[in-house]
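Structure first, then comments.
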Protein chains: 2
Amino acid sequence: MTPLKRITIRDVSERAGVSTAAVSYVLNGREGKVSQETASKVRRAASELNYIPDFSARSLAGTRSKLIGVVIPQTEDQKQLLLQNPFYSELVCGIEARLRQSGYHMILSGVDKGEGYLDTSMQRNLDGAIIMGIYQESFYDDLKRVKVPIVLIDSYVNDSYFQTVSIDDEAGGYMATKLLIDNGHTNIALVTGLIRKDGVVEKRFLGYKRALKEAGLFYNSDYVFEHSVSYEYGQEAAAALAAGHPEITAVFATSDLVALGVLRGLSDAGKRVPEDVSVVGFDDIPVARMCNPPLTTVRQNIVARGAMAADRLLKAIEEGEDSVADDPSVARLELAIRQTVQRLMPN
Amino acid sequence: MTPLKRITIRDVSERAGVSTAAVSYVLNGREGKVSQETASKVRRAASELNYIPDFSARSLAGTRSKLIGVVIPQTEDQKQLLLQNPFYSELVCGIEARLRQSGYHMILSGVDKGEGYLDTSMQRNLDGAIIMGIYQESFYDDLKRVKVPIVLIDSYVNDSYFQTVSIDDEAGGYMATKLLIDNGHTNIALVTGLIRKDGVVEKRFLGYKRALKEAGLFYNSDYVFEHSVSYEYGQEAAAALAAGHPEITAVFATSDLVALGVLRGLSDAGKRVPEDVSVVGFDDIPVARMCNPPLTTVRQNIVARGAMAADRLLKAIEEGEDSVADDPSVARLELAIRQTVQRLMPN
DNA sequence: TTGTATGCGTTATCAT
DNA sequence: ATGATAACGCATACAA
């Protein structure tokens, strides 16, 4: 176990018999500035000494930090990351893989209520950030001031400064509802987290309404169960719905997590799925296919979406902000038909 | 949107009419070195200017980087993080919350096969690292050379340099198996990922064998289904088991993920759980209570374990390596009795 | 093409 | 108690 002392650019330059500038040039691909011979001497020396650059120094000297901030929402009690929600873990997987592949590292964190992200981005000299979730206005204003490329996921903030990687949530809501309608259902409940202005949930809700309207069905606000994106709430809503609205034969849950809760709540209330009540979820998180019965849901390739976000960010960083298209990347959506929807027989 | 220029320690010092050294002292709590008046002048100036320290510079100047490396295993194809495994996402939640609370940030990443972590720790001047999963010998050797505190999770590497936060896996395996035996089962299969020397799985396997032996039951290696920690394998193993060993009435799966697969595989083979076959898992990941029927399993408080790991690491960093107890932290284990185990009626 | 010198923001040493 | 000033490791403008 050699104690391992830090090898600096100076060590390399001395060993190679050249200047530190030459080393820096070679190691940063500015090959044009240097002769073939010098280049190879430098490379040899660097590899013999096992040179590892210090990113803090690089960052300080004004170049890239190769650090990306990734922010995900926190649990309601503000105590921990919402990483337990598979949707976010999948996104993070996609992001991390792509970033590392390009030589970047990711600082993953949540942001406490009322706190901003400006401190972190300044402290760490972040090259860019990927933000998931929805925050207050001032949060985004801060972000803009750091002049660093930013990609938003799951947010409909309407500001051309930010890039977004989204899905057509409205279409997804429509697809799910339409599937139920096509199977003969007319009394379709919506179970969902808070419908916030400009949130993904609102779009899905709009899709739900559009499908209803298109089919000539009456939109009944009593059929909307709106509270939080959690298993517990799904369960609760299902109980309420089973007790108070026996005429409901189908549920569209705007998130798989909620849908799983609905499954349980229904089962607790003595309703069978899909015989008595059909259920459609949204996201296609891994458990959707592992639960019992396997959940019919709207699939988005979450990992791919994460990778997409990373790609867009890296492009903006490396090729300049303007190089990027200003239309949002929109990932494709499809139905994952499994076993929680049943055709309603006319009685 | 003010363009936002960087406020340095020098700006603060000028505004306060003191030296940069004084500013540094005050802002780092070395109050003793400075008069009350200077201190308050500095604080005022800093807050008026909205001073945000640059961690790169700090790190370069030789103090702490306040950066912790967190490594988690990757999927089998080496492409993405194993964050889809709720076990790891929970751990990360616990770790991140604690770190941020103490002013640290976390770089989350995987490590490619054959790669080490030495580069990253040097590049980023990490103050410490938390490593999950099992790696080759040389990986740990590298780690030791950076002379930075390290906490291992889920590894039985026997080296006093590393701290560990573990659970009594052997006892867990024993508890699970004993539960089945106490319910009258005698033909108990084990479905598990690869049993690697010194891995957690080996310990659980040992606990399984101990419970068997203690009950005077014969250990039958045909009852051990060993391959990978995945839903798919659980499903596969259950199919094989149902087809080839009708005498088996109970399964201990060394991970909930695998157990969920077993549930499905059993159901596909026409076996009912728990009427025909009882199943016990391990970990108590969130889906365990959400699946159908809810899974009886060995519970470890995963989030708390993550927090524990972070605590130990921070203590080692801030109070010096020697301040830490050299006995590993061992988190408590208990059975989460739900609905997948049934008493076997003597026939 | 190559090398020297300077600055990046912070901490720490050493005079004062 | 306080304030210059020299590192820290790297990139780069400028000089040679």
Between dG9(D) (C1') and L60(B) (CG): distance, integer Å: 5 Å
Rounded interatomic separation in angstrom, taking CE from M122(B) and P from dC10(D): 10 Å
Answer yes or no: is there a donor N or O on one side and an acceptor on the other, between the side chain of S155(B) and the main chain of V157(B), under 3.5 Å? yes
Flag, side chain of S56(A) to backbone of S59(B), donor-acceptor distance under 3.5 Å: no
With a strict under 4.0 Å distance from non-hydrogen atoms of chain B, what nucleotide opens and what nucleotide closes the contacted stretch of DNA chain C, reading 5' to 3'? dG9(C) to dT13(C)
Please report, rounded to the nearest Å, how far the C1' atom of dG9(D) is from the CG atom of D54(B). 14 Å
In this structure, how many angstroms lie between the C1' atom of dT2(D) and the CD atom of E37(B), rounded? 13 Å
Near R10(A) CZ, under 6.0 Å, is it more than 12 heavy atoms from other residues, nucleotides or ligands? no
Sidechain-backbone polar pair: T164(A) side chain, S166(A) backbone, donor-acceptor under 3.5 Å: no
Please answer whether the main-chain N or O of M132(A) pairs with a side-chain N or O of Y135(A) as donor and acceptor at a distance below 3.5 Å. yes
For residues 96-116 of chain B, pull every pair meeting salt bridge (Lys or Arg N to Asp or Glu O under 4.0 Å), keeping only residues two or more places apart or in separate chains. R100(A)-D112(B), D112(A)-R100(B), E96(B)-R100(B), R98(B)-D311(B)
Would you check if the side chain of R15(A) reaches a backbone N or O of K41(A) as a donor-acceptor pair within less than 3.5 Å? no
For the side chain of T63(A) and the backbone of R58(A), is there at least one donor-acceptor N/O pair under 3.5 Å apart? yes
Which part of the nucleic acid, if any, lies within contact of T38(B), taking any heavy atom under 4.0 Å across all strands shown: a base, the sugar-phosphate backbone alone, or nothing? sugar-phosphate
For nucleotides 11-16 of chain D, give me one character per nucleotide, 5' to 3': B if any protein heavy atom sits under 4.0 Å from the base, S if the only such contacts are to the sugar-phosphate, - if neither. SBB---
